[in-house]
Structure formats: C-alpha cells, structure tokens
2 protein chains.
Amino acid sequence: MNSPQERNGGFLPDQHDHGDCVAAALEDAIAVCGERGVRLTPVRRRVLEIIWQGHRPLGAYAILEVLSGEGHSPAPPTVYRALEFLLTQGLVHRLSSLNAFVGCSRPGHPGAGQFLLCTSCGTAAELNDPEIERAIERGAAAEGFVCRDHTVEISGLCPHCRGT
Amino acid sequence: MNSPQERNGGFLPDQHDHGDCVAAALEDAIAVCGERGVRLTPVRRRVLEIIWQGHRPLGAYAILEVLSGEGHSPAPPTVYRALEFLLTQGLVHRLSSLNAFVGCSRPGHPGAGQFLLCTSCGTAAELNDPEIERAIERGAAAEGFVCRDHTVEISGLCPHCRGT
DNA sequence: TACCGTAACATTATGATATTACAAAACAGT
DNA sequence: ACTGTTTTGTAATATCATAATGTTACGGTA
C-alpha cells in the first residue's frame, strides 16, 4: 500500500493519469479513517471523489450539482456535513478566497498548507513550505501573537498558463 | 500634515486614543483621493469612518446596520460600491477568511499585506513583512508560478488575549 | 444660465454560500 | 432484536454579494 505521508501537491502535466490521483486519494482516505475508527460513509466518500475529479477547487453547490446529476439529490446540509468531516480528518482543504474546497496533498495530516491558485485555468497546487511557515511564525511572534492557523492563498499564473 | 506612507498596523494598547486613528485615517484618505482626482463622497467617507471605528474587521451588513441607525438606510449595493472604491484606492482590505473589511495601515499603497486575527477579541493587525513576502515569492517560483496577489490571514491570540 | 456627459447613488430583485432545527434512518455493541 | 449513537434527510432561513435598471448630482462648456 501507498503511504499517505505526502503526495505531490504541485502542478502536474495536463495529461497525467488522473484516475490514479483519485484512486490514491481514496486509498489514503480509507487508510486514515480506518486507523482513526471514523466512518468514510458513501456520501463522504463520494464527495471526496468529486473533489478529486480535478485539481481545481470546487464549491459546495458545484458538488451538490454533481450529486444531483447522479440521481442522489441531497440538500446543502448533507454536502456541508460531508465537507466538515473531510476537513476535520485533514482530507480536504477549504480555500476561503474562493469559497471552495480542494483535496489535501497530505491526507490525514494536520496543518494548513499554502495554495497557489491559477486565475487562468483554475488549477490549485498545495505547498507545505517550511520557509513560509517559519516566516509567518516569526512575523507573528514579533507582534506578540500566537498562531493557531493560517490561510495562505496566492493567486497568479501556473506554469502552463504563464506562457500562453 | 501626516504622511500617509505608513501607519502602525500592529496591536495597540486597549486604551489608546482611538479618535486619533479615525482622524488620521480620514486625513490620509482625503490626501490620497485628492492626489488621484477621485472623490471621497459622503457615503464612501462614512463607510471608511465606520470601518475605522474599531480595529476589528466589519462585515458589509454590519456597516449597513450602522448606516441604518443613522437615518440613512442604503441597500447592500451602496455599501458594496463604497467598499469596492475603498479597496481600489487601497484604503481598506478585505479579509476573505472572515468576509469582512478592515482599514489599511498604509493608505493608498498597493500590496496585499498579512493579517493577524485574534479569535478571542476579534482584533486585526496588519503586517507588511518583506520576509513573508519573499518566502511566498520563492515558494511560488519553485513551482514555476507567477504571483499576482496573495491572501495571508493568520488566526490565533493577540498579546492581550494570550494571557487571559 | 442652460445644456450635456459622466460618475455616483438608489431600488428591486436575485444569486451564491452557509447554517439551524428537527425528524428519520442506519449502524455498532450488546 | 434492543438501545444508544452517529449519520442522513428535509424545510426553512441566515448571511454574503451582485445584476439590472433607473435616477440624481457634479463638472465642463457655451
């Protein structure tokens, strides 16, 4: 089995085998939930899969729409509850600058991560850059502030869109 | 006149003379708008003052409520338009993790800034830390990403609340 | 002063995102 | 099968934001 320690959160080639990403994410999620004795129910699992369908953040109502197209038509709370579960277990991240959700590249791990958001193609990449974290920690400490969490969302152009 | 180059964005003592903050912010805003030939109309000016009433971020509808209590009862678009103007002129910032707005400590200057948000008292402080910016720039460049803008919002405990 | 063009504002309605409250069903342990 | 807990369903509503359209105020020109 693949270890859920760390996955590539960066920008991938356009034609990478994306089925692998979904499968791997699911495998990790099953492992993480198994270890913790929490339940990856069908709704939760399906929401996770839908989020992993692409490397671009998806809004709650977009997820809802996908589910609706599958005969299963849940109301908003169902989706938000599944998202909350996935957030709690560290399987997805919420991007507040987009009001959207994206798969976590280090499933099950705590920590906030930093995100690169391409304004052209909508793709997101996750960093877990200790330099950025240190800089933030230092900047905060200089003000006498104790960090609990952070939101770092960088918008710009990804390597693919930069050229065009 | 005070130069609008840079103000203290950090955490201030509880009992600082807050009237000064509002007055100074307003003075800066008038100067900035004057230089640029844009109009700080009564609505815009009043919204800016309301935001500066405290060092804590305020939601659009909270601003609306204050205005309503003053006899003047505008609809949401009026407030959002004023906010958009103030954002464009670099007089306020939007905090996407809170859906709220806060005064800018470097009125009129471009750039995103970083924010320390106390989860206990709701106070916000602004950093403009070159180290953090460099770290972000480097982290992004390592992925081949070109930064345009960034959102850095750090939640935790401010110096005052840390003790209690 | 009267006119015109533009910028700002008002009003109504609606879109988009998220939550509350409570009822029903599924599940795990016995 | 019984029981308590977790999960899901459902309806209503709160919260945040914008679209579309019309009106008013301002600044320049003659």
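Hydrogens, waters and symmetry mates are skipped; everything else that's a heavy atom, side chains included, is used. Remember, it's a predicted structure, so these values are computed and weren't measured experimentally. Naming: A, B, ... by sequence-line order, numbering from 1 per chain.
D/dC26 atom P lies 14 Å from atom CG of B/L40, rounded to whole Å. Distance, A/L64 CG to C/dG15 P: 16 Å, rounded to whole Å. Distance, B/R46 CZ to C/dC9 P: 15 Å, rounded to whole Å. One atom, CZ of A/F101, and another, P of C/dT17, lie 10 Å apart when rounded to the nearest Å. Rounded to an integer number of Å, the gap from CG of A/L87 to P of C/dT19 is 11 Å. Taking atom CG on B/L95 and atom C1' on D/dC16, their separation rounds to 15 Å, with Å as the unit. With rounding to whole Å, B/L86 atom CG is found 10 Å from C/dC9 atom P. Rounded to whole Å, atom P of C/dA7 lies 14 Å from atom CD of B/Q89.
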If you look only at distance, which donor and acceptor atoms sit under 3.5 Å apart when one is on a side chain in residues 116-124 of chain B and the other is two or more places apart or in another chain?
from, atom 1, to, atom 2, distance (Å)
B/T119, OG1, B/G156, O, 3.3

Could you pull out all donor-acceptor pairs under 3.5 Å where a side-chain atom in residues 78-91 of chain B meets a protein atom, sequence neighbours excluded?
from, atom 1, to, atom 2, distance (Å)
B/T88, OG1, B/E84, O, 2.8
B/Q89, OE1, B/R36, NH1, 3.0

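Screening residues 118-136 of chain B for salt bridge (charged side-chain N to carboxylate O under 4.0 Å, His left out), with sequence neighbours left out, gives A/R138-B/E131, B/E131-B/R134.
Applying the side chain to side chain contact (heavy atoms under 4.5 Å, CB included) test to A/A100 and every residue at least two apart in sequence or in another chain returns A/P57, A/L98. The side-chain hydrogen bond (donor to acceptor under 3.5 Å, both in side chains) test applied to A/H160 returns no partner, not counting sequence neighbours.
Taking the six-membered ring for Trp and the full ring otherwise, the centers of A/H93 and A/F101 sit at least 6.0 Å from each other.
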Pull out every protein N or O sitting under 3.5 Å from an N or O of nucleotides 7-15 of chain D, one pair per line with the distance.
from, atom 1, to, atom 2, distance (Å)
D/dT7, OP1, A/R44, NH1, 3.3
D/dT7, O5', A/R44, NH2, 3.3
D/dT8, OP1, A/T41, OG1, 2.4
D/dG9, OP1, A/H72, NE2, 3.3
D/dG9, OP2, A/T78, OG1, 3.2
D/dG9, N7, A/R81, NH2, 2.6
D/dG9, O6, A/R81, NH1, 3.1

